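Fair warning: this is a prediction, and the values are worked out from it, not measured in the lab. When reading the values below, keep in mind they use all heavy atoms of this one structure, side chains included, and skip hydrogens, waters and symmetry mates.
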Amino acid sequence: MLEPKRTKHRKVQRKQGLTRGEYATSGTRLNFGDFGLKSLEKGQLTSRQLEAARVAINRHLQRAGKVWIRVFPDKPVTKTPAETRMGKGKGEPEHYVAPVRKGNVIFEVGGGVAEEVAREALRLGKHKLPIKTKFVVRPGYQAQDE
């Protein structure tokens with residue numbers, strides 16, 4: 001599962017990183033592959049959700065081509081234990097999430113994969129995510145004649 005090796009702070013405030021703005025300003029274009037999965041709403045993607053989507057995409061591609069994950073879960077989410085009285089401070093980090101805004105590219109697929117195969121693979125990965133996404137193609141992409 002994805003999580004940071006080291007962090008400067010073990011716990012972060014809840015508002016940081018997600019509620020600042022509705023639309024993404026960076027990470028909105030395809031940089032590596034020819035096809036991608038772009039978010040249509042903002043939310044948080046856990047490392048488990050990203051891993052499940054990655055596995056679904058790779059399984060359909062059958063190790064042909066390459067998959068890039070463009071977001072990284074580096075924001076810790078804390079939780080206090082059940083049946084704990086009020087007070088006593090903030091809970092311990094439970095898992096990590098990647099804050100995603102509208103327009104962020106989440107996955108990219110490339111490396112000689114046909115468009116129909118990539119579309120189906122990203123469709124399978126899309127179902128593992130809690131936010132709405134859409135399939136995008138690199139501008140100026142030309143299908144290779146076989």
Side-chain angles (χ1 to χ4, degrees), residues 1-113 115-141:
M1 244 127 9
L2 293 172
E3 69 176 40
K5 288 191 181 93
R6 297 178 61 241
T7 56
K8 187 172 183 181
H9 302 289
R10 271 187 341 120
K11 304 171 185 177
V12 299
Q13 293 181 343
R14 287 174 206 267
K15 288 190 177 191
Q16 278 181 322
L18 183 66
T19 55
R20 291 195 183 151
E22 189 78 9
Y23 296 94
T25 55
S26 62
T28 58
R29 296 185 181 150
L30 297 176
N31 289 340
F32 304 102
D34 296 321
F35 313 104
L37 202 61
K38 193 179 231 186
S39 67
L40 294 177
E41 57 189 21
K42 69 177 189 174
Q44 293 180 338
L45 304 179
T46 67
S47 55
R48 286 172 181 266
Q49 290 163 348
L50 287 170
E51 180 66 13
R54 184 193 67 81
V55 167
I57 292 168
N58 277 334
R59 218 170 249 161
H60 187 76
L61 292 177
Q62 296 176 348
R63 292 164 54 160
K66 186 159 171 50
V67 177
W68 290 271
I69 304 175
R70 293 287 306 277
V71 294
F72 186 78
D74 57 355
K75 182 181 175 188
V77 174
T78 61
K79 190 172 182 186
T80 49
E83 299 178 11
T84 303
R85 290 189 176 186
M86 298 299 286
K88 306 289 187 264
K90 191 170 183 175
E92 294 303 309
E94 190 180 53
H95 60 272
Y96 288 87
V97 297
V100 174
R101 297 192 197 127
K102 284 184 189 177
N104 271 124
V105 175
I106 302 167
F107 288 101
E108 288 190 35
V109 174
V113 179
E115 184 174 350
E116 309 85 53
V117 176
R119 189 178 291 272
E120 179 62 18
L122 290 172
R123 186 190 68 79
L124 294 171
K126 172 170 82 169
H127 290 304
K128 307 292 182 189
L129 301 176
I131 60 175
K132 289 180 184 172
T133 58
K134 73 174 181 178
F135 179 81
V136 290
V137 181
R138 177 189 291 281
Y141 166 75

Quick one: closest heavy-atom pair of [X] and [Y], and the distance?
X    : Y    : result
V12  : P76  : CG2-CD, 3.8 Å
V100 : S39  : CG1-OG, 3.5 Å
G43  : I131 : CA-CG2, 4.2 Å
Q44  : P130 : O-CG, 4.0 Å
D74  : P4   : CA-CG, 4.1 Å

*Name all residues meeting the side chain to side chain contact (heavy atoms under 4.5 Å, CB included) criterion together with M1; count only those two or more places apart in sequence or in a different chain, and write none if there are none.*
S47, R48
*Taking side chain to side chain contact (heavy atoms under 4.5 Å, CB included) as the test, write out the residues that go with V113, two or more places apart.*
L61, V109, V117, A118
*Taking only residues two or more places apart in sequence or in another chain, which ones pass salt bridge (charged side-chain N to carboxylate O under 4.0 Å, His left out) with E3?*
none
*Of all residues at least two apart in sequence or in a different chain, which pass the salt bridge (charged side-chain N to carboxylate O under 4.0 Å, His left out) check with R138?*
D34
_Residues forming a ring pair (Phe, Tyr, Trp, His ring centres under 6.0 Å) with F35, sequence neighbours excluded_ = F135, Y141
*asked:* Holding to ring pair (Phe, Tyr, Trp, His ring centres under 6.0 Å), I want the full list of residues that pass it with F72, two or more places apart in sequence or in another chain.
replied: none
*Atom pair CD1/CD1 of I69 and I57 - distance to nearest 0.5 Å*: 8.0 Å
*Can you tell me how far OG1 of T28 sits from CZ of R70, rounded to the nearest 0.5 angstrom?*
8.5 Å
*Partners of E41 by side chain to side chain donor-acceptor pair (under 3.5 Å), sequence neighbours excluded?*
none
*Would you list the pairs meeting side-chain hydrogen bond (donor to acceptor under 3.5 Å, both in side chains) in which at least one residue belongs to residues 80-96, sequence neighbours left out?*
R10-E92
*Tell me, which pairs form a ring-ring contact (aromatic ring centres under 6.0 Å, His included) where one or both residues lie in residues 37-59, sequence neighbours left out?*
none
*Please say which of I106, V105, L122, L40 ends up in a side chain to side chain contact (heavy atoms under 4.5 Å, CB included) with T133.*
I106
*For residues 121-133, pull every pair meeting salt bridge (charged side-chain N to carboxylate O under 4.0 Å, His left out), keeping only residues two or more places apart or in separate chains.*
E120-R123
*Please collect all salt bridge (charged side-chain N to carboxylate O under 4.0 Å, His left out) contacts where either partner lies in residues 49-68, sequence neighbours excluded, each pair once.*
E51-R54
_So R101 and Y23, do their side chains get closer than 4.5 Å, heavy atoms only?_
no
*With side chains defined as the heavy atoms from C-beta onward, is the minimum distance between K79 and V77 less than 4.5 Å?*
no
*H9 NE2: over 12 foreign heavy atoms closer than 6.0 Å*: no
*Counting only N and O atoms by type, is there a donor-acceptor contact under 3.5 Å from the side chain of N104 to the main-chain atoms of T25?*
no
